[in-house]
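Chain letters run A, B, ... following the sequence lines, proteins first and then strands; every chain starts at 1.
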Amino acid sequence: MNEFSTSTLTKVYSPAEVEKKWYEYWERNRLFHARVNPDKKPYTIVIPPPNVTGVLHMGHILNNTLQDVFIRYKRMKGFEACWIPGTDHAGIATQNVVEKSLMKEGKTRHDLGREKFIERVWEWKRQYGGVIIKQLRTLGCSCDWDRERFTMDESLSAAVREVFVRLYDDGLIYRGNYIVNWCPKDHTAISDDEVNYSDQTGKLYYIKYPIAGTSDAAIVATTRPETMFGDVAVAVNPTDERYAHLIGKMATLPLANKPIPIIADEYVDKEFGTGMVKITPAHDPNDYWVGQRHNLPQPVVMDISARMNNNVPPKYRGLDRYEARKLALADLDAQGLLVKTEDHTYAVGRCYRCETVIEPYLSDQWFVRMKPLAEPALKVVLDGTIKFYPNRWVKVYEHWMTNVRDWCISRQLWWGHRIPVYYTADGRFTAARSEQEARIRLGVQPDDPLRQDEDVLDTWFSSWLWPFSVHDWPQHEKAGKAQDLAYFYPTDTLVTAPEILFFWVARMIMSGLRFAPSFTGTDEPSKNIPFRDVYFTSIVRDAKGRKMSKSLGNSPEPLDLIAEYGADAVRFTILYLAPLGQDIIYAKEKNEIGRNFANKIWNAGRFLLMNRDQIGEAPKTAEFNTDHLDLADRWILSRFHSTLLDVENAMENYEINKVTKVIYDYFWHDYCDWYVEMIKSRLYGDEPAEAKQAVIARALDLFDAALRLLHPIMPFITEELWQSIRPRAANDSIMRAAMSEPDRSFINKQVEDEMAFVQNVIESVRAIRGEMSIAPSKELSVVMKLRDGRDADSIKKYDGYFRRLARVTSLSFITDQSRPRLSATAVVQGDELFVPLEGIIDIEVEKARLRKEIERVSSLLKSVQAKLSNENFVAKAPKEVVEKEQEKLNTFSETLEKLQRNYAALS
RNA sequence: GGACGCUUAGCUCAGUUGGUUCAGAGCGUCGCCCUUACAAGGCGAAGGUCGUAGGUUCGACUCCUACAGCGUCCACCA
């Protein structure tokens with residue numbers, strides 16, 4: 001498995017086989033599996049269960065990459081990291097999918113009947129469901145697959161029943177005849193949160209309702225004339241003097257020819273329309289409450305498909321609501337009762353699943369009383385027991401939780417958890433965990449008829465229990481999961497989209513605080529909350545800033561991306577682009593960032609292996625070999641440990657894009673661009689073999705450490721290289737290796753300053769080369785004139801670096817004015833540097849170069865001078881700041897002087 | 001109508017207690033290079049009065065206010 005020879009490493013990294021190979025290896029060795037381990041602290045994440053009908057999209061890529069990064073990072077940091085995967089049964093979505101396939105056979109679910117239909121859904125689930133779970137493997141997710149759950153598993157159904165009964169017994173679940181959001185296509189109620197509103201331009205119709213016995217008429221304005229058949233009153237504002245005389249009179253409902261009263265109610269806005277409103281209690285939520293206040297009847301005039309029912313005049317019966325609207329308007333117009341029609345923009349609510357315009361509809365539904373659940377759930381977020389990242393979502397949460405409305409949990413579907421309520425023949429009912437329990441509760445004999453409620457529960461009624469139901473609560477004892485539940489609950493981090501803050505996040509907090517005490521045995525909120533941190537992910541948008549979605553067709557196909565760029569590259573790229581709390585603008589081509597980086601890592605590995613094979617490696621003693629250290633070594637060790645600190649810090653704050661940037665910069669620019677280039681001068685120089693082998697060992701140590709640092713983000717390539725660079729034990733994996741711990745004793749400011757000088761010299765020579773268009777292969781000489789107190793030997797010892805990185809083949813020093821006549825010059829930290837360019841130099845180019853540099857330094861100098869001559873500044877600014885400015889003044893003026901002298905020497 | 005977020009190089013974005021060798025990176029552009037890890041690469045260069053207008057301060061990309069543009073969430077008048 002390990003110890004490749006260099007020849008097997010191709011020049012360009014090809015991820016496909018590598019990724020497949022290692023994922024199989026990890027899974028085969030059950031390296032993702034977490035078990036209760038008292039010696040380690042647990043770190044748990046439960047996956048936001050994707051719909052069982054779902055396929056991977058870019059949002060999942062981001063969301064699951066983040067979770068995998070957290071899990072892999074914590075695992076390497078010594079935690080027992082457990083990522084629990086699973087899928088959601090997704091009531092409406094799944095039922096729709098199966099109904100669609102039935103339609104192809106010319107059947108409806110009613111042709112099959114409930115039992116057969118549900119069987120059919122299970123069959124579908126077994127065959128096609130959970131594709132997304134397989135796709136997550138492609139992405140490299142290290143989920144504990146032994147713990148995979150489905151929200152319709154028997155154990156999760158038990159949790160649903162338990163919770164329902166408890167809430168029912170506590171009086172928090174009730175049944176009522178209320179207006180709900182009805183989807184005429186899915187034939188079910190949906191919750192307030194499942195309705196999406198969008199502005200739409202429609203018409204506002206003014207309709208005349210004659211008033212019996214007078215020539216007067218009430219003129220009402222409505223956007224939905226078809227609901228007029230359900231009108232039971234006309235309302236005016238009690239303070240509206242225009243209509244005071246009409247209150248108590250009867251108006252005639254046109255077309256239906258029914259008398260309805262004119263009533264007064266505060267709800268009516270005097271300014272809108274005519275100030276008179278038709279009241280339709282069964283088809284409008286506001287009208288419903290008006291009707292309640294005035295004890296009005298609630299005639300329902302549509303059926304479950306929003307077709308007019310038998311409560312309307314015969315000619316309208318059976319018509320779709322929009323056809324009925326058309327016909328009613330025509331009839332009203334014919335009778336001269338349609339006064340006028342205006343354009344009107346208003347918000348239309350649509351079903352979040354099928355986009356059908358919802359119909360407010362009066363029906364019997366089950367509700368959860370939310371206030372008592374919301375209060376403690378709000379508290380733990382406000383007091384920081386649960387933290388939101390970014391924090392601003394706390395305000396949104398607070399607003400919702402203080403204005404929370406009761407949750408309609410019944411759905412008129414077949415696919416889902418059946419409501420555990422049982423009715424006797426004479427109409428008594430109770431909630432119960434089982435039919436047997438219901439019989440006991442109701443005092444009903446085993447052979448007496450008992451009927452279970454036909455409806456199922458909202459999908460979220462099972463997902464809100466997810467953090468503990470995954471451990472088979474309330475049957476955890478029986479299932480042998482008691483220890484797991486105690487050890488892995490609460491979870492640590494929840495990674496989810498802000499869109500489901502209310503649907504899911506808020507409700508999980510409520511359910512955790514409400515039900516966890518029964519297994520944690522404490523009322524302490526911090527032990528009962530379902531998670532400690534919530535990370536809200538970015539929205540992935542396209543180049544035009546539009547949200548990526550299936551319907552817009554503007555999203556790349558994730559699996560194609562992975563096939564083309566590699567999973568590591570896709571993971572790296574999306575994290576690199578995703579700042580905490582900000583949306584991300586995504587385009588396929590961006591994956592070149594990750595792909596190129598992977599290739600860079602790959603080639604660094606090739607370089608090291610090649611040299612190891614040729615030179616050999618000193619035997620391993622500590623994490624980092626510290627024999628034969630020189631400047632570059634001390635510097636890279638210093639840089640590495642500061643990088644570790646930065647990564648740790650950014651990780652704690654969930655600044656993952658910062659983590660990727662820090663590592664990227666370190667690896668590419670510090671390790672590859674400088675360090676690797678610098679050790680070449682030693683590896684190919686004339687040092688003793690022992691020193692060279694120490695250099696190789698150290699470079700490999702650092703590479704090993706960098707691979708571990710990178711592993712959570714790019715799991716595959718790091719495993720491949722980690723296994724190749726050193727012999728590893730059988731079944732070992734980088735994912736089980738320890739992350740390096742930052743050690744401040746390696747961080748050395750003097751070393752970094754010294755290195756900065758060497759880098760500046762090299763960069764100055766390179767800049768001259770670049771400006772003069774001198775080929776990199778052309779060898780150059782450098783003459784230096786040092787400022788007072790500087791020792792030439794302290795610079796000469798870096799000769800090898802200058803030779804290797806700037807192609808400086810001759811370095812000499814002068815102390816007088818004998819500078820080479822035709823040379824380009826630079827000033828590096830006060831030391832002057834001359835590059836003799838006899839025959840190559842273009843005087844004008846060099847003069848222009850120097851002029852620009854002189855300008856730059858002059859403007860710096862000027863601003864420092866301005867500051868120091870400002871009395872207020874000197875008097876009020878802190879002493880250190882003033883001193884610093886004073887130092888700058890000296891440096892700048894010295895540098896400027898030298899530049900000007902060298903400029904003069906050219907003319 | 002209410003709340004929140006964003007506005008820095010052509011593009012996508014960094015910029016942590018306010019102190020100009022921090023105005024930066026990547027992509028793109030231009031120039032020189034296939035230098036024995038990497039052209040998916042190396043080196044260098046050009047390019048921005050940090051949305052607008054005020055204010056606080058010795059000093060603001062960084063704090064405050066207003067405005068503009070973009071975006072998100074919530075509520076909603078029939």
Given the side-chain rings of [X] and [Y], with only the six-membered ring counted for Trp, is the space between their centroids under 6.0 Å?
X        : Y        : answer
A:Tyr397 : A:Trp393 : no
A:Phe536 : A:Tyr389 : no
A:Phe272 : A:His344 : yes

Does [X] reach a base, just sugar-phosphate, or nothing at all? Heavy atoms under 4.0 Å.
X        : value
A:Ser863 : base
A:Thr891 : base
A:Ala221 : base
A:Val220 : nothing
A:Asn870 : sugar-phosphate
A:Arg405 : sugar-phosphate
A:Asp665 : nothing
A:Glu771 : sugar-phosphate
A:Pro498 : nothing
A:Tyr684 : sugar-phosphate

Could you tell me whether [X] and [Y] have a side-chain N and a carboxylate O separated by less than 4.0 Å?
X        : Y        : answer
A:Lys661 : A:Glu655 : no
A:Glu398 : A:Lys395 : no
A:Lys680 : A:Glu677 : yes
A:Glu855 : A:Lys862 : no
A:Lys588 : A:Glu564 : yes
A:Glu592 : A:Lys590 : no

Who is the Watson-Crick or G-U wobble partner of [N], with both distances under 3.5 Å?
N     : value
B:C63 : B:G55
B:U16 : none
B:G41 : B:C33
B:C73 : B:G2
B:A68 : B:U7
B:G28 : none

Nearest to the [X] side chain among [options], which nucleotide is it?
X        : options             : answer
A:Lys11  : B:C38, B:C13, B:C32 : B:C38
A:Arg541 : B:U12, B:A78, B:U72 : B:U72
A:Val881 : B:A37, B:G19, B:A45 : B:G19
A:Asp269 : B:A37, B:C77, B:C74 : B:C77
A:Ala767 : B:U20, B:A45, B:G42 : B:A45
A:Trp668 : B:C74, B:G42, B:A40 : B:G42
A:Lys876 : B:G19, B:A37, B:C58 : B:C58
A:Asn286 : B:C38, B:A78, B:C77 : B:C77
A:His399 : B:U36, B:C74, B:C38 : B:C74
A:Lys600 : B:A45, B:G41, B:C58 : B:G41

- Note on the structure: Reading nucleotides 3-10 of chain B from 5' to 3' and marking B where a protein heavy atom lies under 4.0 Å of the base, S where only the sugar-phosphate is that close, and - otherwise, the string is -SSS----

Looking only at side-chain N and O atoms, does [X] come under 4.0 Å of OP1 or OP2 in [N]?
X        : N     : answer
A:Asn596 : B:G41 : yes
A:Tyr664 : B:C13 : no
A:Lys680 : B:A37 : yes

Between atom [atom1] in [X] and atom [atom2] in [N], what is the gap in whole Å?
X        : N     : atom1 : atom2 : answer
A:Lys590 : B:G26 : NZ    : C1'   : 9 Å
A:Glu342 : B:A78 : CD    : P     : 12 Å
A:Ile679 : B:A37 : CD1   : C1'   : 11 Å
A:Glu720 : B:A37 : CD    : P     : 21 Å
A:Phe667 : B:G26 : CZ    : P     : 16 Å
A:Arg807 : B:C33 : CZ    : P     : 14 Å
A:Glu499 : B:U72 : CD    : C1'   : 10 Å
A:Asn403 : B:C76 : CG    : P     : 10 Å

Atom [atom1], compared across [N] and [M]: separation rounded to whole Å:
N     : M     : atom1 : value
B:U12 : B:U29 : C1'   : 16 Å
B:C38 : B:C43 : P     : 14 Å
B:C61 : B:U17 : P     : 15 Å
B:A53 : B:U7  : C1'   : 15 Å
B:G15 : B:C70 : C1'   : 22 Å
B:A9  : B:C50 : P     : 10 Å
B:C22 : B:U8  : C1'   : 13 Å
B:C58 : B:U72 : C1'   : 41 Å

- Query: A:Lys661 or A:Phe892: which one's nearest nucleotide on RNA chain B is closer to the 5' end?
  - Reply: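 It is A:Lys661, whose closest nucleotide lies nearer the 5' terminus.
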
- Note on the structure: Judged by nearest nucleotide, the residue sitting upstream toward the 5' end of RNA chain B, A:Asn872 or A:His344, is A:Asn872

- Task: Report yes or no: is the cationic atom of A:Arg405 (NZ for Lys, CZ for Arg) under 6.0 Å from the centre of the six-membered ring of A:Trp289, at an angle within 45° of the ring normal?
- Result: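 No, A:Arg405 does not lie over the aromatic ring of A:Trp289.
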
- Query: Is it the case that more than 12 heavy atoms not belonging to A:Glu897 sit under 6.0 Å from its CD atom?
  - Reply: no

- Query: What salt bridge (Lys or Arg N to Asp or Glu O under 4.0 Å) pairs are there with at least one residue in residues 270-279 of chain A, not counting sequence neighbours?
  - Reply: A:Asp231-A:Lys278

- Item | Any N/O donor-acceptor pair, A:Glu677 side-chain to B:A37 base, under 3.5 Å | yes

